[in-house]
Peer 1: 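Below: one structure in structure tokens.
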Amino acid sequence: MIKSSKRSEWHYLKKNSELLLLLLPGALLILVFAYLPMFGVVLAFKDFHYDLGFWKSPWVGLQNFKFFFVSDTAALITRNTVGYGLTYMILTTVISLGLAILMNEMGKRWLRIHQTAMFIPYCLSWVVVSYLALALLDTQNGYLNKVLETLGLPTHMWYLETAPWPYILISAYLWKNVGFSTLVYFAGIMGINQEYYEAAKIDGASRWQTATRITLPMLSTLITVLLILSIGHIFVGDFGLHYFIPNDAGMTYPTTDIIDTYVYRALRVNGDIGMSTAIGLYQSIVGLVLVVTANFVVRKINDENSLF
Amino acid sequence: MKVWKRSMAHLALASLILVLMLSACSSNNNTSSNADKNTDTPAATNNKAANDKTANAATTDDTTKNEPAPAEEPVELTYYYIVYDMPADQQEVEDAINAYIKPKINATIKLKPVMEAGYKDKINTMLAANESFDLLWTSNWGGGDYDNKVAKGALLPLDDLLAKTPDLKAAIPDVAWDDTRVDGKIYGVPNMQIAAKAEGFAIQKRFIDKYGIDVNSIKTQLDIEPVLKTIHENEPDIIPIASTSNLFDFGRQYGYAAQGYKLGDPNFKIVDTIDKPEYKTFLDTMRRWYTSGYIYKDAATMKDDQLVALLNTGKVAVEWNTTMKPGGEADDKKRFGNNDVVYVRVSEPEFTGVRPTMNSVSHTSKHPEKALEFLQLTSTDPTLFNLLTFGIKDKHYTVIGDNTIKINQDGGYKTDQGWVFGNVLIGYLKEGQAPDTWERTKQLNETAKRPEVSGFNFNTEPYKTESVNIAAVGEQYAKALNNGAVDPAKVLPKYQSALKKAGVDKQTAEMQKQLDEWLKANGKK
């Protein structure tokens, strides 16, 4: 019995050898950059000294975690991190699904233009975008204030106010990321057998009906997989977005600060490897718990769609 | 699903083996190449010895004389330091330096300039990776990170090594060496420059002349108000004052020492200055100036590079300056868009120590003695110092007078950062600096008033949890408040309560304990 199972495994490997070979470089990269460094989490429980090194530095228990949890703003920052994470996830999914379905209805020539226009922001770094944002939001010379002025509306000191930032950050995030996920969903739609659509057309289904009755159900696996994956990132904020777009301006922190920016700011002066590792570990653990829970829930509802 | 899982396990195993093999290969390579190096010289000498057997006695003598030479192969040192502008001709200057120092100390140097913004991260990453390098620039501000690096064991104590470089020890006064000590040990070689600082204003000369401003009437920071008012009312295109950090020095204005005690207090009681009524008064004044239009509207959110660009336009009339170094007007003229500036002091020069710029030896250094020999040269040898600071003669600068040069702005090495490398007092003067600049600097260093607690430094380790959170709170509120950009009546109470919650009382108590111990040990209390 053992023999036969071994043979079938070997057969399986042989049959898919080309595909597995293609997978190998990616798997190696993940191993080197995601799994090997995991030993480093030990530092979260140590008071790291360069001359004592990794092994000999003294253990300090949970001391490195303390600074974050005793800070007055821990609750606020957690709220911001999770709130923004959820909003980004939900809005990106809804909007890019909608756009992907619309693109499916579009002529080839227009399609290419739209794809390119939507995809370009994804390639820009937040640092570059932050200068664009500054040109818009600058108090004295910003485009937005000039427009408000000509319209006779009161101008704002954007970088000193808290209220506008959720809207600004969410718009910036969507502007940058929707293009990419639209492409992913669009590729998913392209993979759906055209016969369904032809059959629906013959039966006289409206466009709305084809979208809700064929496209969405056929994409449900892809949607849930992408959702589960992004749930793991809810607790790991987008540092670039939250640091560069508000220009690291102090008065905006109540609505822009997330774990990543807070930790960066707190440790910028007193760069402590142990403390930074501790927060990284905390974020990873929460992320893992979220992914496993989400997967568990999905499996309860529909086993087919779950990730593992 | 099952097949998939099993094959994953195989794949993981296969890739793990591959990684191990790769790492084994690379480490093999290393050891074998090292072994090659080691065996190389004996084999060569053996050959020589064999040949010598047939030769006469005289040549044998020669080879034995040459024998120790291979052991003293020139050492290559690596030196990381901060720059604000990457020089284009770095390699060329490095080659010239190596040609100069190799016969002197039998070592070459690999210069590794790192841009200011990434300096601290780069050094910390290299230290964490246990990478071998020899020299690094350190300081008590910004990326230099001296205290923290000492506390974390990243730097070598230099006391014993300095015994072997007596010229270096002698070139720098003992007060300067003492200022670098942590728990009695020296971890940094101070770069000699201005070590006495005064505070005051840099004011564009054209406005002083135009409006007949009496600079002698400016005795304290708040006396600048009429100047700002005049400029604001008469020069609509000019920004009266701009800065990126705290606009003024609250402690100076109201008589608090940097450590937080009231000057003249026999008990040296450290207080939370943010909680004092004077701070509220100070902020109210700043707010009034801001709303009157004296302070640049974006001051609270502007970054350093934006300020540099703004100053370059020549549109800023006044800047708060916390160094007031002799000859500084020449540098500031360039910064202010080639407009002459006048320095107006509001405080007496005070010895602020040498910690703002030092060079240290990494604990990963393989040649600490050679590293110190190199620093000995940068502190005592004008030729090397000028090469490092100004580059190559007639290419990067031209000599225009007795020990005075003009930097070629298109020359590819215009960084002009003598303060990073060694003793600026042995270097060239720049166009516009008076011939007695270095004499005045030396004199100022010697005569400057010494603060009562000169030599004392806080050790943040015992209150690290509090200090990181206090730092974060400070970044949220301080800049906007100190520049008058927000209403102190609304924001100051929030700042104060956030500080309290971050543990400012515990920090103050711990600081007081350390200061008291130091005062007792030094017989001042």
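Throughout, a chain's letter reflects where its sequence line sits, starting with A, and its residues are numbered from 1.
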Peer 1: What is the ring orientation for F68(A) with Y282(A), classed by angle as parallel under 30°, tilted 30 to 60°, or perpendicular over 60°?
Peer 2: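 Rings of F68(A) and Y282(A): tilted, as their planes differ by 30° to 60°.
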
Peer 1: Heavy-atom pairs under 4.5 Å with chain A - which of A502(B), S497(B), A498(B), A128(B) has more of them than the others?
Peer 2: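 Of the options given, most contacts go to A128(B).
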
Peer 1: May I ask you to name which of A249(A), P254(A), P246(A), S71(A) has the most heavy-atom pairs under 4.5 Å with chain B?
Peer 2: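 So the answer, after comparing A249(A), P254(A), P246(A), S71(A), is S71(A).
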
Peer 1: Does NZ or CZ of R265(A) lie under 6.0 Å from the centre of the six-membered ring of Y243(A), at an angle within 45° of the ring axis?
Peer 2: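 So R265(A) doesn't make the cation-pi contact.
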
Peer 1: Checking heavy atoms, do the side chain of V473(B), its backbone, both or neither come under 4.5 Å from chain A?
Peer 2: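 Looking at V473(B), nothing touches chain A.
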
Peer 1: Please check if atom NZ in K297(B) has more than 12 non-hydrogen atoms from other residues, nucleotides or ligands closer than 6.0 Å.
Peer 2: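 Above 12, so yes.
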
Peer 1: How long is the gap from CG on D145(B) to OG1 on T138(B), to the nearest 0.5 Å?
Peer 2: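 Spacing of CG (D145(B)) from OG1 (T138(B)) equals 9.5 Å.
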
Peer 1: For N64(A), is it the side chain, the backbone, both, or neither that has a heavy atom closer than 4.5 Å to a heavy atom of chain B?
Peer 2: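 Interface part for N64(A): neither.
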
Peer 1: Could you tell me if the side chain of I259(A) sits less than 4.5 Å from the side chain of V263(A), heavy atoms only?
Peer 2: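 Side chain of V263(A) against side chain of I259(A), heavy atoms only: contact under 4.5 Å found.
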
Peer 1: Mind listing the side-chain donor-acceptor pairs of residues 21-48 of chain A below 3.5 Å, one per line with the distance, residues two or more places apart or on another chain?
Peer 2:
unit_1: K46(A); atom_1: NZ; unit_2: F54(A); atom_2: O; d: 2.9
unit_1: K46(A); atom_1: NZ; unit_2: W55(A); atom_2: O; d: 2.8
unit_1: K46(A); atom_1: NZ; unit_2: S57(A); atom_2: O; d: 3.3
unit_1: D47(A); atom_1: OD1; unit_2: K152(B); atom_2: NZ; d: 2.8

Peer 1: Kindly list each side-chain donor-acceptor pair under 3.5 angstrom involving residues 159-167 of chain A, sequence neighbours excluded, with atom names and distances?
Peer 2:
unit_1: E161(A); atom_1: OE1; unit_2: H156(A); atom_2: ND1; d: 2.9
unit_1: E161(A); atom_1: OE2; unit_2: H156(A); atom_2: ND1; d: 3.4
unit_1: E161(A); atom_1: OE2; unit_2: M157(A); atom_2: N; d: 3.1
unit_1: W165(A); atom_1: NE1; unit_2: W158(A); atom_2: O; d: 2.9
unit_1: W165(A); atom_1: NE1; unit_2: E161(A); atom_2: O; d: 3.2

Peer 1: Is it the side chain or the backbone of A154(B) that comes within 4.5 Å of chain A heavy atoms, both, or neither?
Peer 2: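 For A154(B), the contact with chain A is made by backbone and side chain together.
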
Peer 1: Just so I understand: if I count every heavy-atom pair under 4.5 Å between each of T465(B), D298(B), T301(B), L155(B) and chain A, which residue has the most?
Peer 2: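 The answer is D298(B).
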
Peer 1: Provide the full list of salt bridge (charged side-chain N to carboxylate O under 4.0 Å, His left out) pairs with a residue in residues 134-147 of chain A, sequence neighbours left out, each pair given once.
Peer 2: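 As it turns out, there is no salt bridge (charged side-chain N to carboxylate O under 4.0 Å, His left out) pair with a partner in residues 134-147 of chain A once direct neighbours are skipped.
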
Peer 1: If the contact rule is any heavy atom under 4.5 Å from chain B, which residues of residues 129-136 of chain A qualify, in numerical order?
Peer 2: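 Within residues 129-136 of chain A, near chain B: Y131(A), L134(A).
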
Peer 1: I'd like to know if the side chain of N295(A) reaches the main chain of V291(A), judged simply by a donor and an acceptor atom lying under 3.5 Å from each other, with no hydrogens or angles considered.
Peer 2: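 Side chain of N295(A) to backbone of V291(A): no pair is present.
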
